[in-house]
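The sequence lines fix the lettering, A, B, ..., with proteins before strands; numbering per chain opens at 1.
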Amino acid sequence: MKKQSEAQGYSFFQKHSQLLIPVTILALLLLFNLLRDSSYFNIAIRFNNDNNPVLAGNLISTIVDASELVILSIGMTLVTAACGGQDISVGALGTIAATMFAKVLYLFDEIGVAQILVALLATCGVTVLFSLFNGTLVAVFKIQPMIATLILFTCGRSIAYWIGQIANLFIPENPITPIIGTVIPGFPVPTPVLIVAVVGILFALVFKFTNLRLYTQTVGINQGAARLNGINCVAIKLISFAILGVCCAIAGVINVCRIGGKVTYNSLMVDFEMKAILAVAIGGNSLGGGKFRIIGSVLGAYAYCLLFNTLIAMKVPSTHITAYQAVVIFLLVIFSSDQVKETIAKFWKTWIVGKFRSKTTGTDISSGKEA
Amino acid sequence: MKKILSLVLALALVLSLVAVASADGIKVGIVNNPPSESGYREANVKDFETVFSAENGYEVMTAYTLKNDEQLAAAERFVNAGVDVLLISAAETTGWDTVLKLAKDNGILVFLFDRMIDCDPDLYEAAVVSNMANEGALAVDWLLGLNLPEYNIIHIQGAMGSDAQVGRTGAVDEQAAAGKFNLVAQQTATWDETTAKQIVESVINSGEKFNIIYAENDGMAQGAVAALDEAGITHGKDGDVIVMGFDCNKWALRKVLAGEWNYDGQCSPFQAAVIDEMIKTLSNGGTIEGLNEKKQKISEETCFVCDTITEDDINNYGLGD
């Protein structure tokens, strides 16, 4: 009986060991905040200047701020898994998306839900095209993803300005986009959180009812074997890029709506490519492709944002914030490396488990001398 | 195909040579940041392109980039192309000595605008710049003039080390050191709306009291206001929190006029006409007057306050659309 439950416990650990890192980081950060100042966890309902109720508090801020990153990290995980490399143009593409969204809305005299949906679809169309351009370079021309997407990374923001034409581009006045950025009147949960939930559920359904996960992993692990099994590697890679394109569109639109509708070509979603890659890495996914867990990346994104929020709540001097982030990331990368993991596992086995066993049963399992 | 292409290219080359030879205007090379950077830069680029145009007797070459090394390369290219005048708004303050010496040896007139360069003032004729410290002092004087019982300030800074940040921060730091201002938070948002919003949100969540937002540009003020709106905190003319921004974009001035913001400090991007005047003076054998020891000509700048701003101010001083 005992053996069986141990085995079960072991397999549970094996199955979820990948999530150990992001969950531990989240837990440590929360614990740190609890010890530092328990009022950090206060959550209240406030009324905004339009007199609508809004959930507010540090945790809520963190979750809302993470919205764009969570959505991007989902797409980034897929691209990473299928292509064994990362797309570094997501920030630029998000800016193009925001610009496109604003520009399309200027075509309408009156803006309602239908027009917003049209604009969103047009935006998705454009970002998917750009993403497929990246995807083609990677899948067909076999260029390293980071090099292929370097092109759009370099020129993306200029393209956005070219689409926008003016430096001070705003989304035209309308009743809907402020709702996307804040809350639905009368419903206090911030809309970006709802959008993330919807996107998350959609992806969960896609993974449940299609072979996308299996195929993507197969392509990522061994292309030759995948091809022999009749999987179209090029198509799978293109699909992963197309999905990332849609993610960029959604993230870009949420971001521009959250800051009052102003498209800032050079600072919108800046550094998001690196944050998204980091989220994928914190999530325990191999950046070399292959097996992946979306939930890991999502938790990674939340962990990153919680770290940033904690640092501002602590009023760390602004010039030091990035240094603190670097220290945390450094520790994280070290502790998630296989080398350190193995050492810890060995230490655990010989010193903790071994000692414990020898005490209770009087035998040293590892050497078996007394047996 | 290749032959046709090379023929076309050769033809284009000949035509361009003819075009250069036929023009007899003053040749000007402009090195600036790209207009996509901000509303300020867009107005700045437009100002120079309007004043230094073919109609006004200039033959213009431009290079717009945020990267200092690309700017340096462009300046060198302009010198080799034989320009008469070089106008520079540098991305960074250092690294320019070699190129400027080269320009001086070739008898090229160099003018700096908007941004200073760390070098010997002998290397340029004049620098037409804003005094960012003045902008900060103007804003702080206005604040002190309100005689508020308390000054609890959220200070959102621009990219650390930039001219605008250093200048606009100085006056605030001075008052904080003197005990007049209480800085509830002083953090950089590197000119980014989203980060500005996060900083203000964090202060609101902590429950600390504040009554002033001092943002070092319009965009960050906008991000801060989004956080206030979400938390149901009133701002502007009759609100609980005073909102201050810089740059005088048209959209921002409209918010001041509407009473949503209280203050917007001007940062004038209109230096072209002044430089144009200087070039004419020099080419007529005159000398430029009214420069300080660093050969600077300081642009006159003002500020706009919600109680006194008018529609005309927006049209005359506002940047962009």
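Ring centroid separation for the pair B:Tyr214 and B:Tyr263 does not come in under the 6.0 Å cut-off.
Side-chain contact check for B:Glu92 and B:Thr94: no donor-acceptor pair (N or O, by modelled atom type) lies under 3.5 Å. Between the side chains of A:Thr95 and A:Arg157, at least one donor N or O sits under 3.5 Å from an acceptor N or O.
Counting non-hydrogen atoms of neighbouring residues, nucleotides and ligands closer than 6.0 angstrom, the CD atom of A:Gln165 exceeds 12 such neighbours. For B:Tyr151, the OH atom counts as densely surrounded, since its 6.0 Å shell holds more than 12 non-hydrogen atoms of other residues, nucleotides or ligands.
With respect to chain A, the highest number of heavy-atom pairs below 4.5 Å among B:Gly320, B:Ala43, B:Gly39 belongs to B:Gly39. When each of A:Asp50, A:Asn58, A:Val316, A:Thr182 is checked for heavy-atom pairs under 4.5 Å with chain B, A:Asn58 comes out on top. Contacts with chain A were tallied for B:Gly219, B:Ala226, B:Ala231; B:Ala231 has the most, counting heavy-atom pairs under 4.5 Å. Counting heavy-atom pairs closer than 4.5 Å to chain A, the top-ranked of the candidates B:Lys197, B:Gln222, B:Gln198, B:His235 is B:Gln198. Across A:Ile166, A:Val183, A:Val54, A:Val270, the residue that shares the most heavy-atom pairs under 4.5 angstrom with chain B is A:Ile166. For the set B:Thr194, B:Leu228, B:Thr195, B:Leu66, the entry with the most heavy-atom pairs within less than 4.5 Å of chain A is B:Thr194. Ranked by heavy-atom pairs shorter than 4.5 Å toward chain A, the options B:Ser206, B:Pro35, B:Ala196, B:Gly223 are led by B:Pro35.
Only the backbone of B:Leu319 comes within contact range of chain A, with at least one heavy atom under 4.5 Å from a heavy atom of that chain. Of the atoms belonging to B:Trp191, it is backbone heavy atoms, and not side-chain ones, that fall under 4.5 Å from chain A. Interface remark: A:Phe170 contributes side-chain atoms only to the contact with chain B (heavy atom separation under 4.5 Å). Contacts between A:Asn42 and chain B at a heavy-atom distance below 4.5 Å are absent for every atom of the residue. Proximity to chain B is limited to the side chain of A:Asn255, based on heavy atoms less than 4.5 angstrom apart. Proximity to chain B (any heavy atom under 4.5 Å) is restricted, for A:Thr264, to the side chain, taken from C-beta onward. Interface remark: B:Thr190 contributes no atoms to any contact with chain A (heavy atom separation under 4.5 Å). For A:Ile321, the part sitting under 4.5 Å from any heavy atom of chain B is the side chain, from C-beta outward, and nothing else.
At a threshold of 4.0 Å, the pair B:Asp218-B:Lys255 does not count as salt-bridged, since none of the basic side-chain nitrogens sits closer than that to a carboxylate oxygen.
Counting all heavy atoms, side chain and backbone alike, B:Gly245 lies closest to B:Ala221 at CA-CB, 4.2 Å.
Checked by atom type and distance alone, the side chain of B:Thr188 pairs as donor or acceptor with a backbone atom of B:Gln157 at under 3.5 Å. Here the side chain of B:Thr234 pairs a donor or acceptor atom with the backbone of B:Asp240 at under 3.5 angstrom.
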May I have the step-by-step check of side-chain contact (heavy atoms from CB on, under 4.5 Å) for B:Asn152 and B:Ile212, ending in yes or no?
-> CA-CA 6 Å; B:Asn152 297 317; B:Ile212 295 156; over 6 Å; no

